[in-house]
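Keep in mind it's a predicted model, so treat the numbers as computed, not measured. Labels below follow one simple rule: chain letters A, B, ... track the order of the sequence lines, proteins then strands, and each chain is numbered from 1.
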Amino acid sequence: MESRGRTRQTFFAFAGRYGVVMAWALLIALFGVLLGSSFLAVSTFQTIFGTQAVLLILSLGLLLALLVGEFDLSIVGAMSISVMLVGVLNVLHGWPIWLAVLAALGSGVVIGAINALLVVRLGIASIVVTLGAGTFWSGVGYGLYATTIPGIDPRLSSVMNGRLLGLPLGFYYAAALTVAFWYVVALTPLGRYLYFVGANRTVSQLSGIRVDLIRGGSLVVSATLASFAGIVLAGMLGSSTPSASSTYLLPAFAAVFLGTTTIQVGKFNPWGTFVAVYFLITGITGLQLYGFSGWVVDVFYGGSLVAAVALSRGFARKSAA
Amino acid sequence: MESKMRPSRRVVRSPLAALVPVVASLLVAGCGPAGGVKSAAPADDKCVAAAKAKVDAAKAPVTFTFGGPSFNASAARGKTIYWIATTGDIPFTKAVYGGFEAAAKAAGVKVNFFDGRGQTSEQLRGMQQAIAAKADLIVLQAIPVGLMGAAVSAAKSAGIPIVEAFNVDSTAPKSAGATASVSFAYSQVGGLLAANVAAGSGCNATAVAINSSDVPVSVPEMDGIKAGFRELCPSTCKLDVRDALIADWSTKVGPLTQNAVADRKVNWLLPVYDGMVQFVTPAVRQANSTAKIASFNASPGIVDDLKTSGSPFTVDIGAPLGWAGWAVADQSLRILTGAAPVNDEKIPLRVFDKANAKGIDFKGAETAIYGGSYVNEYKRLWGLG
Amino acid sequence: MTAARAQADGTRSSDPGARPPALVAARITKTFSGQTVLKGVDLDIAAGEVHGLVGENGSGKSTFIKILSGYHAPDDVPGAALTVHGEPVALPVDPNRQMQRGVVFVHQDLGLVESATVTENIRLRTRGVRFGWRVSWREESRHVAALLKRFGLQVGPTQLVGELSQVQRAQVAIVRAFDQLGDAARGLLILDEPTASLPRDGVEQLFATVRQVAAAGVGILLVTHRLDEILENTQRVTVLRNGTRVACDATESLDEEKLTELILGRPLGEFYPAPHQPQDQVIAEFTGVEGADVRPTSFTVHRGEVVGVTGLVGMGWDELPYLLFGARRATGGVIHTAGGEQVDLKGLSPRRAIGLGFALLPGDRLVEASVQAASVRENLSIATIGSYFTRGVIRRSAETERVQRLLEEYDVRPSGTERALSTLSGGNQQKVLIAKWFETRPSLLLLHEPTQGVDVGAQSQIYQRIRDAAQAGMGVVLASAEYDHLPHICDRVLVFREGKVVSELSGRTMNRSRIASDSLRTAAEPGQGTSGSFSRQETE
């Protein structure tokens, strides 16, 4: 009797932890049956893994901010500035592409530093600061150039789109960042400090952790990662346009929060985010191939998030009982 | 990337048109040097007649004027075309794609529709998906080719041709990177709008155009309007241009219109797309203005308003969308079979106004609305009988 | 309570054998998520008996009371039963029908409405209702006046409760409870910390009323921390420890020391660590320490010395450890370290303080001292995690091994390194946190209420640790309001009042009652050692 209860507990704990991974596998199986070869083609998986690099990079930046207990709503604003800078500097002002990319990356550092100053030094809530900053920088993006700038140096595209084992290089950059993120969080003292600062600032401060540096630093890194995401997008498009970035905000949040329901349940974690991003796109791709049109994307994002959080909570309760 | 717009050289076929220069020269000859004071009236008459001629010609039911050349479409059988739409939500996309899908079916070609949802990120994903799926041809509908530059290059490297649909004017050269272009004669639309205004105002117009500068094809349309006025009534037709981005239509167009018609001299309003008309009309009514509205697209549901008595909506220019879909298919099939693409699919335009709208059921079949047939004509060109 | 005492009050002594017992509780058991808090407790109270119930944190005492009030449901265990005045009560107790069952409560907060009259307060729940739902307040007043007279209270029925003294209010609450039992005057009255907010001289007055109620035949259960009140006023005492009833003895047979030993579970000498001589070497000298509640204060801490700071809450001693660590903003003060360094307290950060060899364990465990959701291991190693970081990775196995060893050493139960800290009892959590700070090898340990909410067994262990630290040469500043324990652990005690040290006690003067009385003294009493520098003094 006791052992059966224990097995039940372990099952629920496992289901809670790997639920999304299992759902992902289930989804692939389901679409494989329904759609056959049109889904189970190499090209489908190439698309699934190859087109989300921008979203994954952006989500990792957001993940870092949320991990230390801050909101960063300015990530798409930073991304927009970065995208536009690459186009404006490289195409309109003739800068060499590497310099334009460096400038775009630098803009992320600056945007993040301004956020950090306002949040950490002045003590304004990060959700307020970054909401304002995001709107501000998105507007500046339009101010830099209101419409599309085509013709970015094709070398940037080859760096982003070049194929390795059938997948674009952009995917590998995003995957490498995920690994790096995981390394820091799991294997370094900094990772412990990040977690503690996010859980309780007072305890962290009193344990000798440099809380302000970590909070501020996280905001700088999240904005810089957003800039990097913008550079990847500019490379994938081969052009700059100010309206391209704003649509990434909600999917990034969805991915990060969905990620907390798997791998390390209840905590913001990089592999969970990775799984979430690809789970979501698998579902959407399958549904679109099945014939559902545009609205299915939003329904799937929202529905998966709610379902995952609810189920995860339920499993956690059952495994603790 | 976008070519410079040239004024439309299209000449409207009508027997009356040939008389215009004769009549005009007679009038001028009749006046003589002492008749300098009277120069306004003869120019007006000439202008009105010219404008009316253009309008009347365009009001007639359309005919299939595309000459081909013909080719054997069966060589394209079994191939796959990816259609990447700027957004699948709007009736425009649905109507055009409907025609395209039917045409492809007739030719035995498989089609895949990708909805770009109005988002660059989605449109890019569609391109990447099409390339990964090794499509035989990609149609980019109303998505700037330059915006997708890298993906377009990638498609080119993979040997996938790209047809851009409704990106540039039909008389303009295609965008760099595209294999071929299919579009409407937006500049001609502009010219017809100007002609309608001239005819309807006795060549004495104070017109306000409402542009949407974020739509690339607004450029040839606006240029066409300006060129039209220049040609018909350079001194007596005044044109003022305002702007409202698509996303702001619901909030900006109304106030903008009210502001425009506050000047009582304004007698014509030209929103470049009739999607704006629903915001223009109430503003005109509220201001108690007598200004009339002329627009473009003849969108289903909107064009019906021409029949409403008392509505300021007077003219709507439309192009048959199903036909346009077949035209895209035609261009695509040419490329797929190795035939040379054409410069102009000659998709016709028809002017609807309060007069001819009365007899048309806009909810009926497209061929009934526009009057011409094209399915069999295209099929014949394709060697499908 | 002696027979002589009863006679002096002029009350009849009731004969317990004449009526059924006020309460018989049998095999009361309660488990909360795997932890058994009450293990089959039996308790019986005779009619008219004043029975004391004592036990430390974690003894199950409050859970037992909550079961009697119906707030918790006891476990369904064979033999579990509750009988009040001979009538069985269905378990779980229905809180809405206590009164009818004959069980009434007087809680610490009394539950009186200050703006209402004595009559209204007493009769609110039990007033007679006449035809047409009218209440005759005149009738009620008459009833209440008789009641007050019976108990000899100098209180008028129409007086507002807000006008009464604290003692009178408590008396009114007891009278109300008695009245709720109805005319039969039988059943059980439970008093939960009734004297907590009373002045010392009011306590006797209150117990006079209590005895009168008992004399009327009601059984009384007195739940309190104050052992002297138990010894003065009860006939029997039940002691709970770790969920079990360890004793139910006649009060006559007990004295304070015996009672304390029963509560703690071991002789006092074993509960507290052996005394130890502090060294002469100075660890740190603090001069002019000033904060929100602290006026400029100076003192020195020596190696191996445990300095207690105490007083009434808010008098500054409770802010002191935080000021010394840089956890609260100090407005003045200098630290003179043993190494000759001078550190301005105003700019001190916790990080810097740790660098100086200080360690702070805050009293608010849930909010300031630990991350409850994190594992035991993570909480324990957070301040020293850098020591496991070699060649680019944290050596998890080394960390887990060390933590496991520490858990065994500190007797943390249950011992699992990955459990969330919140799953441990308060005492075990505190041991983990002490281990955390000892890992930083501090030279000065700052503690604020280290045994608050900690069960008896863990308390002793923690005190032992503090002594071990002192023996190893650490200095300790222990800020605590628990006067009972301070004399047994500290070498000297500084009593604070209004932010200043008003007395320094050591040796024989360092005892519970002296601490208590000094904490009430005002700062400006002449010749009694006011503000100034306090190092070890020879007193008495």
Side-chain angles (χ1 to χ4, degrees), chain A residues 38 41-52 54-55 83 87 91 142 146-154 156-163 166-168 170 233-248 251 281 284-285 288-289 291-298, chain B residues 1-2 80 82 85-90 93-94 97 110 112-135 143-158 167 175-178 212-216 218-219 243 245-247:
Chain A
S38 61
V42 173
S43 67
T44 314
F45 292 97
Q46 275 186 332
T47 321
I48 285 173
F49 283 101
T51 61
Q52 300 304 298
V54 174
L55 180 61
V83 170
V91 178
Y142 276 94
T147 55
T148 309
I149 308 173
I152 292 178
D153 190 328
L156 183 63
S157 306
S158 51
V159 167
M160 295 305 165
N161 294 328
R163 300 257 142 187
L167 292 174
L233 180 61
M236 287 191 162
L237 283 173
S239 69
S240 297
T241 188
S243 59
S245 307
S246 58
T247 57
Y248 285 96
I281 195 62
I284 290 161
T285 305
Q288 282 180 334
L289 281 177
F292 288 100
S293 86
W295 58 268
V296 74
V297 176
D298 288 330
Chain B
M1 157 196 121
E2 308 265 9
T80 310
Y82 258 78
T86 181
T87 168
D89 237 1
I90 52 181
T93 305
K94 293 193 173 99
Y97 185 73
K110 289 198 282 248
N112 265 309
F113 181 80
F114 190 94
D115 182 358
R117 301 207 303 141
Q119 298 175 9
T120 308
S121 53
E122 284 292 283
Q123 294 155 3
L124 175 63
R125 186 164 74 85
M127 278 291 290
Q128 291 166 323
Q129 201 163 304
I131 296 171
K134 298 202 191 6
I143 300 170
V145 172
L147 178 61
M148 300 280 136
V152 167
S153 303
K156 195 165 176 191
S157 319
N167 272 351
S175 311
S212 281
S213 56
D214 55 340
V215 181
S218 305
V219 176
D243 191 17
L245 305 180
I246 290 189

Requested in this report: Let me see the working for B:Arg125 and A:Thr285 under side chain to side chain contact (heavy atoms under 4.5 Å, CB included), right down to the final yes or no.
Outcome: CA-CA 10 Å; B:Arg125 186 164 74 85; A:Thr285 305; 3.8 Å; yes
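The two residues A:Ser239 and B:Leu147 come nearest to each other via the heavy atoms OG-O, 2.5 Å. The heavy-atom pair separating A:Ser43 from B:Ala132 by the smallest distance is CB-O, 2.9 Å. Closest non-hydrogen pair, B:Gln129 versus A:Leu289, comes out as NE2-CD2, 4.4 Å. Considering all non-hydrogen atoms of both residues, A:Gly235 and B:Ala150 come closest at O-CB, 3.5 Å.
With rounding to the nearest 0.5 angstrom, the CD atom of A:Gln46 is 6.0 Å from the NZ atom of B:Lys134. Atom CG of B:Leu245 is separated from atom OG1 of A:Thr147 by 10.5 Å, given to the nearest 0.5 angstrom. Atom-to-atom distance recorded for A:Phe292:CZ and B:Asp115:CG is 14.0 Å, nearest 0.5 angstrom. Here the CE atom belonging to B:Met148 is positioned 8.5 Å from the OG1 atom belonging to A:Thr241, to the nearest 0.5 angstrom.
Residue A:Leu167: no heavy atom, backbone or side chain, is found under 4.5 Å from chain B. Only the side chain of B:Phe114 comes within contact range of chain A, with at least one heavy atom under 4.5 Å from a heavy atom of that chain. Of the two parts of A:Ile149, neither the backbone nor the side chain holds a non-hydrogen atom closer than 4.5 Å to a non-hydrogen atom of chain B. Neither the backbone nor the side chain of A:Ile152 comes within less than 4.5 Å of any heavy atom in chain B. Proximity to chain A (any heavy atom under 4.5 Å) is shown, for B:Ala154, by neither the backbone nor the side chain. With a 4.5 angstrom heavy-atom cutoff, B:Ser121 touches chain A via backbone and side-chain atoms both.
Heavy-atom contacts from other residues, nucleotides or ligands closer than 6.0 Å to NZ of B:Lys156 number 12 or fewer.
Per-residue counts of heavy-atom pairs under 4.5 Å with chain B were compared for A:Ser246, A:Ser158, A:Gly238; the largest is that of A:Gly238.
Shown are B:Glu122, B:Arg117, B:Gln119; of these, the side chain to side chain contact (heavy atoms under 4.5 Å, CB included) with A:Thr247 is made only by B:Gln119.
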